[in-house]
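Order of the sequence lines fixes the chain letters, A, B, ..., with proteins taken first and strands second; residue numbering starts at 1 for each chain. All values derive from a computational prediction rather than experimental measurement.
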Amino acid sequence: MSYLIIGASSGLGRALAEKFAKEKKNLIIVSRDERDLTALKADIEIKYNVKVEKIPLDFSSFNEINQKLLKEKMFQNLSGILFPVGFMHEKDNFDISEEDLKKLTFTNYLSIVHTINYARKCLNKQKLSIVGFGSVSGLIGRNLNMNYAAAKRSLESFFESMSFDEKLKDMNIQFYTLGYLDTNLAFGKDLILPKGSTQKLAKIVYQNINVNLKKTFYPYFWNIIAVFLKLLPFLFLIKLYKILIK
Amino acid sequence: MELNNTEKKEICSFDKNIVRNILVAKPDKYKLLETISHRNREIINTGSSLSYSPLSFGEDIICLDFKKFNRILDFNKNEKTITVEAGITLIQFLNFTLKHNFWIPQLPGYPSITLGGAIATNAHGKSCSTHGTIRNSIKSILLFHKINGWMNLSEKENKEIFDLTIGGLGLTGTIVKITFNLTNIENTLFITKKKKIKSVEECNKVISNYNNSSYFYSWHKADNIKNFGEGIIFENIIDKKKIIDFKGFKDKNYKLKPFLFPVWNKLSIKLCNLLYLYLNRLSTEEKTESFLKVIFPFYSKESYFNFFGNNGFTESQLLISESKINDFMSEFKNIFKIHKPTITLFSLKKMSGEQSYLRFEDNKVCLTFDLIKNNSSNNFMNEIDNLCLKYQILPSIIKDSRIPKNIFDKTYRYANDFREKLNKFDKKRVYKSEVSKRLEL
Ligand SMILES: Cc1cc2nc3c(=O)[nH]c(=O)nc-3n(C[C@H](O)[C@H](O)[C@H](O)COP(=O)(O)OP(=O)(O)OC[C@H]3O[C@@H](n4cnc5c(N)ncnc54)[C@H](O)[C@@H]3O)c2cc1C
């Protein structure tokens, strides 16, 4: 049995791969650039003596996913699928190109749903953990990374919907809504709130991997902030934002 | 990820002499390394930024922090080789190799130094009289250069660039992967023997006869012209009897952060030196010491550096012919009497190798001393520069962030060779640092 990690080559994905390997779990790692996968596979296999299979593919392409990833036998031997995958774009606003919009929506939402739907069909008596990662950027509408935020909000909704699935007894569904982590996405950003540690999060994800239903924020203080943001009327937030900007 | 984030940061050389506001990029994927390199006109590679001189940053130059590239890519026990990414730190590297009773013996003296940084400075360890510099353990390198692309470097492939890269201060491009030839190490315990000596000259005489020993260095009191050089020679021998299982080192992340005010001054140094000397005289002549203590003597003793405060210090490391030590020392003491600098540390070891390009390497004695930075030490060091010319001494540009270009040009015989070959390889001279600009490399 193995764990499939989509977006394993850097940041949270790499931290998860390292943590699961340290706990002697075999892995299938997926990312776009084979060079990153080769390096990670070698490092993990040498250090932790586990088996790692690498699948280089572009996760924004259903074609590539269908051809290279969705293999019934492989999915029947999975203990879990983790989706620490994310794609952001410098010009993610109303003027985004059609191609980039597709890339954003597919990587952050549609391809994940597509993969989960396939995994659900392949379930073969094993208990499968499915772990998704959202973003606090999806809490309310925003003027930055708007399509990324929209995709992440859709993903959260999809994971919530999975909790109503009749197959839930065969699956563990976990969803972490993430604030800024110490990854390249947050590198160099002037942030008011502290960044979460990918390594700590990887530990938490590993500890919870067999929990049937889990939905939380990380870093944890976002649980409190999120409550406030949800309580306040959106129009009030917009006004507040405009005053602060001035 | 299509973002290309950079962080604005104030950075200073380890000796605190040069401070700059710079931009840092921290790639964590191969594609990002290429993208960042292509987007920026002037780049410099950065390891852990533990160089005494400003080798890994410069004004208006983007720093390419390579610490995320720290993986082990291949390990062949039979052939005794290992391939690693260049951002791996010494402690991460040793935590793997020592488990298999291997290491490379030319490791510089602090565990969070990266192997990329060690190669770019052609670093040496305590056993440099026997094992020379890190150059001797390198089998091959994978280099990425913004214009010349990906290149395999070894004695057989692109030898000229291989030679320029080892000790090339990161100016030939980014060292991405390195394959090392490993050396066996039987144990991670050492036996340390001590020998008292009266002067630097006596030390030179004694260590010139240490032909069977690999690890030895001396410590001298240099706070006063009276009894100048009184000290101890330490000899470390791998303990082959009391073999212990290697359990791994914990990276304790000790703080290298200057105190608000300097603690070191003439009086505090004098007291500490006295204490150190007498404690060493009182303790047993022979004792067992851990690997970390022997190989990384400043690990857990960071206060030594922090005590200089924000004002920093100057470190000078000089390679001197054995036959010239006595004459040099007599002039050294004369100018010491005149300028009265505060020397906080003074040490000697032997080195072996062949000097070329920018490499601090030769079959000579390596003399190291630290000074509190002030006018008298500046004047003192100006005179030391002149002694370097007089006695054909090689001063380290890695340790001394002050060395002027004219002294560098006269002491590094192959500097022009390096310049010419580097300019031929990289006509646009992409990789630059504060030091390379000062020395016009
Ligand atoms: C406490 C202490 C003890 C020391 N002891 C010794 C010793 O015993 N012997 C010795 O020889 N030195 C010693 N040094 C010096 C040290 O080994 C060098 O300065 C080393 O380069 C520091 O490595 P770094 O990872 O901090 O690199 P940085 O300081 O960040 O960079 C140093 C140089 O390496 C280049 N570089 C870094 N990574 C790469 C890369 N991937 N590709 C290309 N170029 C790269 C940089 O451009 C720069 O020119 C010591 C330093 C300290 C602070």
Side-chain angles (χ1 to χ4, degrees), chain A residues 7-15 17-18 21 31-49 52 56 58-60 84-92 96-97 99-100 103-104 107-108 144-145 148 180-191 195 198, chain B residues 1-9 21-36 39 62-77 81-88 92-100 102 142 144 150 176-179 248 251 253:
Chain A
S9 63
S10 65
L12 176 61
R14 180 171 159 189
E18 284 166 354
S31 187
R32 206 173 341 172
D33 194 332
E34 183 157 15
R35 295 172 296 180
D36 297 318
L37 289 176
T38 307
L40 184 65
K41 171 180 154 73
D43 187 57
I44 284 176
E45 284 184 336
I46 291 169
K47 281 186 189 150
Y48 306 117
N49 211 4
V52 181
D58 177 0
F59 199 62
S60 68
V85 57
F87 174 76
M88 287 174 116
H89 197 277
E90 274 167 351
K91 293 187 187 106
D92 180 4
I96 192 166
S97 69
E99 196 189 329
D100 287 334
K103 224 170 165 180
L104 264 166
T107 312
N108 294 309
L144 273 176
N145 297 324
Y148 171 81
Y180 276 115
L181 299 179
D182 55 3
T183 65
N184 225 303
L185 294 178
F187 187 69
K189 288 220 158 72
D190 261 341
L191 302 172
K195 293 175 196 172
T198 46
Chain B
M1 220 281 302
E2 291 283 300
L3 302 179
N4 186 1
N5 293 341
T6 47
E7 189 171 77
K8 271 193 195 138
K9 203 163 140 181
N21 285 310
I22 49 137
L23 274 181
V24 184
K26 198 167 186 173
D28 56 358
K29 295 181 184 179
Y30 283 84
K31 182 86 194 140
L32 212 52
L33 163 67
E34 293 168 334
T35 315
I36 295 169
R39 276 191 192 180
I62 190 112
C63 293
L64 221 147
D65 181 326
F66 212 59
K67 292 277 283 284
K68 294 259 163 150
F69 288 78
N70 62 349
R71 290 163 289 206
I72 297 170
L73 304 176
D74 189 39
F75 172 56
N76 190 326
K77 216 170 173 166
T81 57
I82 190 166
T83 305
V84 292
E85 286 175 324
I88 195 168
Q92 291 167 342
F93 178 78
L94 289 168
N95 266 335
F96 178 77
T97 59
L98 287 176
K99 257 191 231 154
H100 300 272
F102 288 123
L142 177 70
F144 176 71
W150 293 89
V176 178
K177 299 178 192 175
I178 316 136
T179 301
D251 195 349
N253 264 327

Query raised in the report: For Val84(B), is it the side chain, the backbone, both or neither that has a heavy atom under 4.5 Å from a heavy atom of chain A?
Result: neither
Query - Atom pair NZ/CZ of Lys29(B) and Arg14(A) - distance to nearest 0.5 Å - result: 11.5 Å
Query - Reported NE2-to-CD1 distance for the pair His100(B) and Ile46(A), which is rounded to 0.5 angstrom - result: 9.0 Å
Report summary line: Scanning both residues in full, the closest heavy-atom pair of Asp28(B) with Ser10(A) reads OD2-CB, 3.3 Å
Requested in this report: Using a cut-off of 6.0 Å, state whether more than 12 heavy atoms not belonging to Lys9(B) lie near its atom NZ.
Outcome: no
Requested in this report: For chain A, find which of Phe75(B), Phe96(B), Tyr30(B) contributes the most heavy-atom pairs closer than 4.5 angstrom.
Outcome: Tyr30(B)
Query raised in the report: Roughly how far, to the nearest 0.5 Å, is the CG atom of Asn70(B) from the CG atom of Asp43(A)?
Result: 7.0 Å
Query - Contact origin within Lys68(B) toward chain A - heavy atom pairs under 4.5 Å - result: both
Report summary line: Honestly, the part of Asp36(A) sitting under 4.5 Å from a heavy atom of chain B is both
Query raised in the report: Do you know which of Lys26(B), Lys8(B), Lys31(B) has the most heavy-atom pairs under 4.5 Å to chain A?
Result: Lys26(B)
Query raised in the report: Heavy-atom distance under 4.5 Å to chain B: side chain of Ile44(A), backbone, both or neither?
Result: neither
